[in-house]
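Read through the structure below, which is laid out as structure tokens, and then see the notes.
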Amino acid sequence: MKNQEAQDLYQPFFEEALLQEIAQFGLKKSVKEGFALMEIGQKVTHMPLMLSGAIKILQEDKEGNDLLLYFIERGDTCAMTLNCCLGNTKSDIRAIAEIDSELLMIPIHLMDEWMVKYPSWRKFVFESYHIRFKEMLQAIDNIAFSNMDERLTKYLLDLASVRGSDTIKITHQEIAVDLHTSRVVVSRLLKKLENKKAIALNRNSIEIIKL
DNA sequence: TCATTAACACGGG
DNA sequence: CCCGTGTTAATGA
């Protein structure tokens with residue numbers, strides 16, 4: 001059987017016939033850490049189903065600075081893609097592989113067909129949309145109303161979860177870019193967390209002790 | 001008050 | 001030496 005991972009992952013949710021179609025039409029795609037899966041303005045031709053790994057979703061402001069919105073992981077799909085199926089087909093976001101990842105690419109024209117044919121697919125799409133929408137609101141809330149130290153804490157926890165390790169290999173500068181702030185601030189806040197024994201700092205890596 | 005920018009010193013690879 | 005880190009001073013919101 002092709003696409004065994006997809007079968008295992010989605011078998012509880014989808015009808016047999018749908019699983020068959022997924023196996024038949026889905027293109028398995030493996031990407032390395034840092035690979036740009038989607039750029040702003042790029043046309044959306046496939047809908048990704050995450051099999052493993054993690055993807056970082058970024059928005060860009062008018063000066064061209066990145067801003068981290070959220071991560072998508074195993075079992076997730078991309079809300080932006082869903083959005084694109086309802087109207088225009090251009091992506092508004094940038095998607096970068098946070099770690100090595102595997103995806104199953106479904107040609108977008110199948111979406112409509114499956115929506116009609118398979119109740120489980122319809123349910124999956126609406127639920128995904130719902131989850132992404134909530135996550136988006138959270139992201140907005142976080143950016144608009146949280147202090148930088150709260151955002152930093154959440155960021156570290158997200159990264160640890162996404163990478164499956166309490167020790168994160170990253171520089172202060174990279175954090176600053178993701179959170180859209182300056183390295184001075186990141187260094188200062190990290191130092192504060194270290195003093196509170198919440199984390200341990202090393203060159204090129206941060207260990208989470210208790211956040 | 002707090003973030004940003006620029007600048008500097010320190011130290012490890 | 002280069003890069004990441006920790007800090008400070010000046011400036012602005």
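Reminder, nothing fancy here: chain letters follow the sequence lines and each chain counts from 1.
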Within this structure, what is the [atom1]-to-[atom2] distance between [X] and [N], rounded to whole angstrom?
{"X": "R188(A)", "N": "dT5(B)", "atom1": "CZ", "atom2": "P", "result": "14 Å"}
{"X": "R183(A)", "N": "dT5(C)", "atom1": "CZ", "atom2": "P", "result": "8 Å"}
{"X": "Q173(A)", "N": "dC2(C)", "atom1": "CD", "atom2": "P", "result": "18 Å"}
{"X": "E194(A)", "N": "dT7(C)", "atom1": "CD", "atom2": "P", "result": "9 Å"}
{"X": "E174(A)", "N": "dT5(C)", "atom1": "CD", "atom2": "C1'", "result": "14 Å"}
{"X": "K192(A)", "N": "dC2(B)", "atom1": "NZ", "atom2": "P", "result": "8 Å"}
{"X": "N204(A)", "N": "dG13(B)", "atom1": "CG", "atom2": "P", "result": "10 Å"}
{"X": "K191(A)", "N": "dT7(C)", "atom1": "NZ", "atom2": "P", "result": "6 Å"}

Decide yes or no, distance alone: a donor-acceptor N/O pair under 3.5 angstrom between the base of dG6(C) and the side-chain of R203(A). no

Could you verify whether a donor N or O on one side chain and an acceptor N or O on the other, from [X] and [Y], lie under 3.5 Å apart?
{"X": "T167(A)", "Y": "E207(A)", "result": "no"}
{"X": "E21(A)", "Y": "Y118(A)", "result": "yes"}
{"X": "S91(A)", "Y": "Q42(A)", "result": "no"}
{"X": "E150(A)", "Y": "T153(A)", "result": "no"}

Name the residue closer to the 5' end of DNA chain C, choosing between V184(A) and T171(A) according to the nucleotide with the nearest heavy atom. T171(A)

Taking only N and O in the side chain of T181(A), is any of them less than 4.0 Å away from OP1 or OP2 of dT4(B)? yes

